[in-house]
Amino acid sequence: MAARLSENRLVSLPLSRIRVIMKSSPEVSSINQDALFLTAKATKILASKYLKMLEKEKRDGEVGEGEEEDKEEEDEDEAVGDSVGS
């Protein structure tokens, strides 16, 4: 049980919301705690890699004006998400 609590603290995404999203699929009847954790972790990794890709494109001058504004909003969302999840 203690290991599971420490695993949950590693993920800064709200697990309850991820569970609701997963349960919204009619094909899902129950969600294993491990599957929930892995989905949250994979989502966090995907978002992190996406932000790194955007940062690299911005440094290389490949990002347009509209995309820069979207990235700024994502940065704000990520900062708020990290402080809420901690």
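Each residue takes its place number in the sequence, starting with 1. Note: hydrogens, waters and symmetry copies are ignored here, and every other heavy atom, side chains too, is used.
Shown here are the side chain to side chain contact (heavy atoms under 4.5 Å, CB included) partners of L46, two or more places apart in sequence or in another chain: there are none. Contacts of S25 classified as side chain to side chain contact (heavy atoms under 4.5 Å, CB included), with partners at least two apart in sequence or in another chain: E27, V28.
A side-chain donor-acceptor contact under 3.5 Å links T43 to the backbone of T39.
Atom CZ in F37 sits 12.5 Å away from atom CG in N32 (nearest 0.5 Å). Here the NZ atom belonging to K56 is positioned 10.0 Å from the CE atom belonging to M53, to the nearest 0.5 angstrom.
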Identify every side-chain donor-acceptor pair in residues 14-23 under 3.5 Å, counting partners at least two apart or on other chains, and give the distances.
residue : atom : partner : partner atom : Å
R19     : NH2  : Q33     : OE1          : 3.1

